Number of protein chains: 2
Amino acid sequence: MPRKHPAADQPLRLDNQICFAVYSAAHAFNRVYKPLLDRLGLTYPQYLVMLVLWERDDVPVKDIGERLFLDSGTLTPLLKRLEAAHLVKRTRSSEDERQVLIALTAQGHALKDKARAVPQSILAASDCSVSELVAMKDEIVALRDRLNAVIGE
Amino acid sequence: MPRKHPAADQPLRLDNQICFAVYSAAHAFNRVYKPLLDRLGLTYPQYLVMLVLWERDDVPVKDIGERLFLDSGTLTPLLKRLEAAHLVKRTRSSEDERQVLIALTAQGHALKDKARAVPQSILAASDCSVSELVAMKDEIVALRDRLNAVIGE
DNA sequence: TCACATTTAATTGTTCGCAATTGAATGTGC
DNA sequence: GCACATTCAATTGCGAACAATTAAATGTGA
């Protein structure tokens with residue numbers, strides 16, 4: 001008699017897919033971030049770009065893209081929206097006119113102070129110790145890097 | 001003298017964000033899946049819907065949404081594309097006319113055989129043992145569920 | 001110098017993802 | 001039975017995400 005889930009089907013079961021775990025966790029994070037970032041007037045990808053710029057600004061679009069694994073098709077319109085919100089300024093480099101340099105405005109710099117509350121709220125929502133989160137993060141990053149290594153073949 | 005990364009900034013550093021690890025890992029998975037799913041004529045979210053339906057079809061849109069954490073705004077157009085590809089059929093339930101039941105076509109069922117090659121390729125790309133992947137998956141799912149629990153408050 | 005390749009952003013078109021709203025069907029409390 | 005709330009899918013609008021292409025600037029080799 002046929003079993004409920006024949007062995008041959010196990011690899012195709014949704015609950016066995018690590019990719020779905022990652023995919024659905026990313027969406028869950030997004031939903032937790034949403035109300036926090038609404039107060040900053042940012043979407044989650046915009047917040048990521050701001051994190052990059054708060055570490056170092058006046059960088060070309062390409063650098064931001066390499067850091068976040070995003071291309072100009074995603075970043076160009078996103079950065080235009082950040083510019084429309086007066087958080088960044090986009091200027092063509094004079095040394096290399098192919099590049100567009102992204103710099104923070106005063107408002108963009110100032111937003112960093114407001115943003116400091118965000119990671120605390122996320123930590124609370126995770127309901128998990130910092131060391132556990134760090135360990136998970138490192139594992140996930142290692143997996144991501146192995147996946148990305150395969151793509152570049 | 002100021003340090004490179006003052007302690008107050010540590011929580012805002014990109015590389016310390018578990019959410020970015022998850023976000024970027026999800027994109028990395030997506031890129032690995034893309035060439036595999038292209039052969040099936042599916043996008044990654046469409047593949048997830050098919051995984052759900054291969055386990056059990058003739059289910060309302062809502063059930064699929066609960067399983068994948070997606071709403072009708074995402075699923076309705078996606079399911080219409082799957083219908084246009086002759087993989088599913090959408091019919092209003094006669095018992096409850098509010099519901100639209102999603103059933104697999106013969107083609108939709110048949111695609112399952114082709115799909116069996118996908119998880120193997122992903123496992124290879126992960127470059128990691130099954131037991132390690134299962135352990136990670138369980139941790140990520142547990143984190144996701146804690147995050148989702150916070151949202152419903 | 002000049003042809004050619006490479007680099008960089010921008011653009012176009014398709015597909016997600018979600019908030020907010022709509023409209024129809026169903027359930028409920030009186 | 002009837003007003004009312006709830007449920008479900010569809011729709012609209014906006015912001016990603018990415019493939020593919022374009023155009024301009026720069027680099028390279030003969």
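Not measured: the values here are computed from a predicted model.
With rounding to whole Å, A/Asn30 atom CG is found 12 Å from C/dA19 atom C1'. Between the P atom of D/dA9 and the NZ atom of B/Lys80 lies a distance of 13 Å, rounded to the nearest Å. We find that CG of A/Asp71 is positioned 12 Å from C1' of C/dT11, with the value rounded to whole Å. In this structure, CD of A/Glu83 is placed 14 Å from C1' of C/dA9, rounded to the nearest angstrom. Taking atom CG of residue B/Leu37 and atom P of nucleotide C/dC16, one finds them 12 Å apart after rounding to whole Å. One can place CZ of B/Phe69 at 17 Å from C1' of C/dC16, the figure rounded to the nearest angstrom. Rounded to a whole Å, the CG atom of B/Leu68 is 16 Å from the C1' atom of C/dT15. Per the geometry, CD belonging to A/Glu95 stands 10 Å off P belonging to D/dT26, to the nearest Å.
An OP1 or OP2 oxygen of C/dT14 is reached within less than 4.0 angstrom by no side-chain nitrogen or oxygen of B/Arg81. Taking only side-chain nitrogens and oxygens, A/Arg98 never comes nearer than 4.0 Å to OP1 or OP2 of C/dT6. Residue A/Tyr44 places none of its side-chain N or O atoms closer than 4.0 Å to OP1 or OP2 of C/dG17.
In this model, a side-chain donor or acceptor of A/Ser72 finds a partner on the base of C/dA10 within 3.5 Å.
Comparing A/Lys34 and A/Pro77 by the nucleotide of DNA chain C whose heavy atom lies nearest to each, the residue mapping closer to the 5' end is A/Pro77. Between B/Pro45 and A/Val100, the residue anchored nearer the 5' end of DNA chain C, judged by the nucleotide with its closest heavy atom, is A/Val100. Nucleotides of DNA chain D nearest to B/Asp63 and B/Arg31 differ in position, and the one nearer the 5' end is that of B/Asp63.
Here A/Thr43 lies in heavy-atom contact (under 4.0 Å) with sugar-phosphate atoms only. Across all strands, B/Leu78 comes closer than 4.0 Å only to sugar-phosphate atoms, never to a base (heavy-atom distances). Within 4.0 Å (heavy atoms only), B/Pro60 reaches sugar-phosphate atoms of the nucleic acid but no base atom. At a threshold of 4.0 angstrom between heavy atoms, the contacts of B/Leu75 with the nucleic acid are absent.
Less than 6.0 angstrom separates the ring centroid of B/Tyr33 from the ring centroid of B/Tyr47.
Judged by distance alone, the side chain of B/Glu139 and the main-chain N or O of A/Met136 form no donor-acceptor pair under 3.5 Å. Here the side chain of A/Ser24 pairs a donor or acceptor atom with the backbone of A/Ala21 at under 3.5 angstrom.
Using a 4.5 Å cut-off on side-chain heavy atoms (C-beta onward), A/Leu40 and A/Val118 make contact. Contact annotation: the side chain of A/Leu70 never approaches that of A/Leu48 to less than 4.5 Å [non-hydrogen atoms, C-beta and beyond].
When each of C/dC18, D/dC8, D/dA17 is scored by its nearest atom to the side-chain atoms of B/Thr74, the top-ranked nucleotide is C/dC18. Ranking C/dA10, C/dA25, C/dA9 by closeness to the A/Gln99 side chain, first place goes to C/dA9. Here the side chain of A/Asp96 is nearest to one of D/dA17, D/dA25, D/dG15, namely D/dA25. You'll find that the side chain of A/Arg92 is closest to C/dA9, out of C/dT26, C/dA9, D/dG15. Side-chain proximity of B/His27 to C/dA9, D/dA25, D/dC18: nearest is D/dC18.
Ion pairing of A/Asp38 with A/Lys34 is present here, as a side-chain N (NZ or NE/NH1/NH2) and a carboxylate O approach within less than 4.0 Å.
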